[in-house]
Undergrad: 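Below: one structure in structure tokens.
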Amino acid sequence: MIYPFSGHHIQKFYWGTKETLLPVYTSLKEAVSKHPDVDVIINFASSQSVYLSTLECLEHEQIKAIALIAESVPECHTCEILWKANGKGVLIIGPATVVVSTLVVSGLLTPEAQSATSPSPAVAGMSNELNNVFSIVTNGTYEGIAIGGDRYPGTTFIDHLLRYKAKPECKMLILLSEVLAPRCSPLKFSSVSMANSNLETANAKNRVMKNAGFVVPNTFEGLPCILKETYEDLAHGGTIVPKREVGPPVILMDYKWAQELGLIQKPAAFISTISNKHGQELLYAGMKISEVFREDIGLGGVMALLWFKRRLSPWATKFIEMVLMLTANHGPAASGAMNTIIATRAGKDLISLLASGLLTIGSRFSGALNKVASLCSQMLGILV
């Protein structure tokens, strides 16, 4: 991945059921140099920046195909990109191409669907819908290309139809083009904004294709029936050999998503019996924090709630506060006291407790005055 707006980092993605780390670079030059085997780029840049970013891609000889997702790219930019790409032998898919996202519904997850001798669509749009139709009425999709919806696509229908025709695995070639401008009359055939003449309308092109031997439905709703009939005829004639359909692999659900939907539950890894912050107000041993301030139970009262899980008498809370005041100067921060406390918690005997504390006495604890006297003696010795 290339993301120039932040530093180098790593993004986690799922590959099957395991997580994999994908490096993110700040420049295309660095990414290409570190991955010399990469030859295809999917450019998600917007219509304002896709021109310069694509020209940068064309500067690297190892890049052989570029898919442009952006829509409404200026036609002058598209023409220049196509001219330079043709000169370098780079395949341009788009602009305004699409990415298939509903893999399960479209039947594109099983190996049979991707390698079956079945239809190969050259699609200008509606890719998900078309692949879904294939998965229902045929043996699946071998390959699909969305050439893009702008006026000047990087590749044309005929480019891909000829390429599919040369592949023996492809038994049916399907061409689909959208009608996207209801204001045009008669309706156009491709996704260009206007039909410049009657020869560019959908009716005229459908008529020519029928005369040439194409199987052309009257409407898109009639496409599934036409596909099913043609597929069954080819299957009965032995041109297509149907394969056993294999269901898609199990796709695991994201844990956080499943937890939000209430499909799973997880036991708490940490349980607190002295405080609770799940409600609208913080609780200390069942006492609301507002009551703690209103009754002015003090620091000793709060420590009693947290340590002993109940309120203590005023004399007991006063004693806790007095202990805190007495130990505020050093307290357990001193090494001797800290070691003694740790040894006590470990269940050691009295002699071991004293030894653990006394052995830490030095120039930084309890022996500061001795260190000062030693330094003064050394200075006086130097002066003498």
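Side-chain atoms are counted along with the backbone in the values below, which use heavy atoms only and exclude waters and symmetry mates.
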Undergrad: Could you tell me whether a side-chain N or O of Glu321 sits under 3.5 Å from a main-chain N or O of Gly298, the two making a donor and an acceptor?
TA: no
Undergrad: Can you confirm whether Met287 sits close enough to Ile297 that some side-chain heavy atom of one is under 4.5 Å from a side-chain heavy atom of the other?
TA: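 In short, these two side chains touch, coming nearer than 4.5 Å.
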Undergrad: Does the side chain of Leu306 come within less than 4.5 Å of Tyr284's, by heavy atoms?
TA: yes
Undergrad: Distance from Ile63 atom CD1 to Leu28 atom CG, nearest 0.5 Å?
TA: 6.5 Å
Undergrad: Just by modelled atom types, is the Phe13 backbone N or O under 3.5 Å from a matching donor or acceptor in the Glu19 side chain?
TA: no
Undergrad: Give a yes-or-no answer on whether the side chains of Glu80 and Tyr51 include a donor-acceptor pair shorter than 3.5 Å.
TA: yes
Undergrad: Okay, side chain of Gln62, backbone of His35: is any donor-acceptor separation there less than 3.5 Å?
TA: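 Side chain of Gln62 to backbone of His35: a pair is present.
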Undergrad: Where do Lys288 and Glu295 land on the salt bridge (charged side-chain N to carboxylate O under 4.0 Å, His left out) test, with the steps shown first?
TA: CA-CA 11 Å; Lys288 296 181 179 180; Glu295 298 185 16; over 6 Å; no
Undergrad: Flag the pair Ile10 / Val24 as yes when at least one side-chain heavy-atom distance between them is below 4.5 Å, and no otherwise.
TA: no
Undergrad: From Ile92 CD1 over to Thr78 OG1, what is the distance, rounded to the nearest 0.5 angstrom?
TA: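 Here the rounded value is 10.0 Å.
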Undergrad: Which value, rounded to the nearest 0.5 Å, describes the distance between Asp254 atom CG and Gln259 atom CD?
TA: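 Between atom CG of Asp254 and atom CD of Gln259 there are 10.0 Å.
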Undergrad: Do Val32 and Val38 come within less than 4.5 Å of each other through their side chains, counting heavy atoms only?
TA: no
Undergrad: Flag the pair Tyr231 / Lys171 as yes when at least one side-chain heavy-atom distance between them is below 4.5 Å, and no otherwise.
TA: no
Undergrad: Is the shortest heavy-atom distance from the side chain of Ile136 to the side chain of Lys228 under 4.5 Å?
TA: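 The answer is no, as the side chains (C-beta and beyond) never meet within the 4.5 Å cut-off.
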Undergrad: Is it true that Glu59 and Lys88 have a side-chain N and a carboxylate O under 4.0 angstrom from each other?
TA: no
Undergrad: Under a 4.5 Å cut-off applied to non-hydrogen side-chain atoms, are Thr54 and Ile41 in contact?
TA: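 A side-chain contact under 4.5 Å is absent here.
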Undergrad: State, with a plain yes or no, whether a side-chain heavy atom of His8 is found less than 4.5 Å away from one of Thr26.
TA: yes
Undergrad: So, the side chain of Thr360 versus the backbone of Gly357: is there a donor-acceptor pair under 3.5 Å, distance only?
TA: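 Side chain of Thr360 to backbone of Gly357: a pair is present.
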Undergrad: Is it true that Lys256 and Glu260 make a salt bridge, defined as a side-chain N closer than 4.0 Å to a carboxylate O?
TA: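 Salt bridge absent between Lys256 and Glu260.
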Undergrad: Would you confirm whether Ser33, through its side chain, and Lys29, through its main-chain N or O, come within 3.5 Å as a donor-acceptor pair?
TA: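 A pair under 3.5 Å: yes.
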Undergrad: Please check: side-chain N/O of Asn211 versus main-chain N/O of Arg207, any donor-acceptor pairing under 3.5 Å?
TA: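 Between the backbone of Arg207 and the side chain of Asn211 there is a qualifying donor-acceptor contact (under 3.5 Å).
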Undergrad: Check whether any side-chain N or O of Lys348 sits under 3.5 Å from a backbone N or O of Arg345 as a donor-acceptor pair, and report yes or no.
TA: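 Pair absent, no side-chain N/O of Lys348 close to backbone of Arg345.
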Undergrad: When rounded to the nearest 0.5 angstrom, what distance separates NZ in Lys84 from CG in Leu55?
TA: 5.0 Å
Undergrad: Side-chain donor-acceptor pairs under 3.5 Å in residues 65-73, sequence neighbours left out?
TA:
none

Undergrad: If only atom types and distance count, is the side chain of Asn86 paired as donor or acceptor with the main-chain N or O of Leu82 below 3.5 Å?
TA: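 Flag set: sc Asn86 to bb Leu82 pair under 3.5 Å.
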